[in-house]
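Numbers here simply count residues along the sequence, with the first being 1.
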Amino acid sequence: MTTASASVDTFVGPLTVTSDGRSVVRLEWHISAEATDAADPIPTEAAAASGPSVSIPAEAAVASDPILVEAVAQLRAYFDGRLGDFDLPVDFGQISDVARTVLTTLAEEVPAGTTVTYGQLAEASGTGIPARAVGGIMGLNPIPIIVPCHRVVAGDGLGGYSGGLPGHELETKRRLLEFEDALPQPLF
């Protein structure tokens, strides 16, 4: 499978989005040499004010991947505050049918500006799995933000998050929820 990637700088760190020409297959935080020190803070509000910048590597430009171009455009619109929910084809790769169902339910039924608990998502998915299993599935999500696992919270707090720069995962989740004005009231 041939893939193409592009980078987007955001207020939660630099992101790399990857497409196989048919679907978005991965979104991950790009960890630069200077970001590998967990003591470094994630980018500040000043960085966010300047908006996201995009660099598409030469191989992506040569590939002329319209899915990748659209993914970059939608990520820019999201981080500019002009888009709440993504409308992109996604491919979760080799995950279980249960995990695919839970992630698809999340993407289709939990819009920007809202949150859902692990238990509520378990129930909404119709898979019969416990809330704890949903947490594990969120950690497997290969396409965070686009498939918004940051919107899944514990009944008594933020819960976990595996996205973000190393050492800043929960801070990233909190910032994304604040950005969407979706941080649950008991968490303030």
In Å, rounded to the nearest 0.5 Å, how long is the span from CZ of F86 to CD1 of I143?
11.5 Å

Is it true that D91 and R26 have a side-chain N and a carboxylate O under 4.0 angstrom from each other?
no

So, T3 and D20: side-chain donor and acceptor under 3.5 Å apart, yes or no?
no

Answer with yes or no whether the hydrophobic clustering places V8 together with V25; edges join I, L, V, M, F, W, Y residues whose side-chain heavy atoms lie under 4.5 Å apart.
no

What's the verdict on side-chain contact (heavy atoms from CB on, under 4.5 Å) for V24 and T18, showing C-alpha distance, side-chain angles and the deciding distance?
CA-CA 6 Å; V24 174; T18 304; over 6 Å; no

Does T115 reach the side chain of V152, with side-chain heavy atoms less than 4.5 Å apart?
no

Any residue meeting ring pair (Phe, Tyr, Trp, His ring centres under 6.0 Å) with F179, in chain and number order, not counting sequence neighbours
F11, Y78

Answer whether the closest heavy-atom distance between the side chains of F79 and L176 falls below 4.5 Å.
yes

Which distance, rounded to the nearest 0.5 Å, do you find between the OG1 of T104 and the CG of D97?
10.0 Å

Can you find a pair of side-chain heavy atoms, one from Q74 and one from L88, that are under 4.5 Å apart?
yes

Hey, does the side chain of R151 reach the backbone of A107 with a donor-acceptor pair shorter than 3.5 angstrom?
no

For the atom pair OG (S162) and CG (L140), what is the distance rounded to the nearest 0.5 Å?
8.5 Å

Quick one, Y161 with H150, criterion side-chain contact (heavy atoms from CB on, under 4.5 Å). Give me CA distance, side-chain angles, the key distance, then yes/no.
CA-CA 7 Å; Y161 193 62; H150 62 279; 3.6 Å; yes

Of the non-hydrogen atoms in S125 and T101, which two are nearest, and what is the gap between them?
O-CG2, 3.5 Å

I need the minimum non-hydrogen distance between E109 and P111, along with the two atoms involved.
O-CD, 3.4 Å

Hey, mind stepping through L83 and R76 against side-chain contact (heavy atoms from CB on, under 4.5 Å) and telling me if it holds?
CA-CA 9 Å; L83 179 73; R76 289 190 72 167; over 6 Å; no

When rounded to the nearest 0.5 angstrom, what distance separates CZ in R22 from CG in D65?
10.0 Å

Can you check whether L15 reaches D9 side chain to side chain, under 4.5 Å on heavy atoms?
no

Distance-only, no hydrogens or angles: does the D80 side chain make a donor-acceptor pair with backbone N or O of R82 under 3.5 Å?
no

Taking all heavy atoms of C149 and all of P144, pick out the closest pair and write down the distance.
SG-CB, 3.9 Å

Considering only heavy atoms from C-beta outward, does the side chain of L177 approach that of L158 to under 4.5 Å?
yes

Could you check if a side-chain atom of P89 sits within less than 4.5 angstrom of a side-chain atom of I67, using non-hydrogen atoms only?
yes

Under 3.5 Å donor-acceptor, S19 side chain and G21 backbone
yes

Take L75 and L27 through the side-chain contact (heavy atoms from CB on, under 4.5 Å) test and state the conclusion after the steps.
CA-CA 10 Å; L75 283 163; L27 187 140; 3.8 Å; yes

Heavy-atom nearest pair, M138 first then V102, reads CE-CG1, 3.7 Å

T172 side, atom OG1; L170 side, atom CG - distance, nearest 0.5 Å:
8.5 Å

E123, CD: over 12 other non-hydrogen atoms inside 6.0 angstrom
no

Heavy atoms of P66 and S64 approach each other most closely as CD-O, 3.0 Å

Determine yes or no for a side-chain-to-main-chain donor-acceptor pair under 3.5 angstrom, with E171 supplying the side chain and H168 the backbone.
no

Are the side chains of V17 and S5 in contact, using a 4.5 Å heavy-atom criterion?
no

Rounded to the nearest 0.5 Å, what's the gap from NE2 on H30 to CG on L165? Could you check?
10.0 Å

In terms of hydrophobic clusters joined by side-chain contacts under 4.5 Å, are I95 and V90 together?
yes

Heavy atoms of A182 and G113 approach each other most closely as CB-C, 3.5 Å

When you measure from the side chain of W29 to the backbone of T16, do you find a donor-acceptor pair of N or O atoms at a distance under 3.5 Å?
no

Compare all side-chain heavy atoms of L106 with those of P148 and state whether any distance is below 4.5 angstrom.
yes

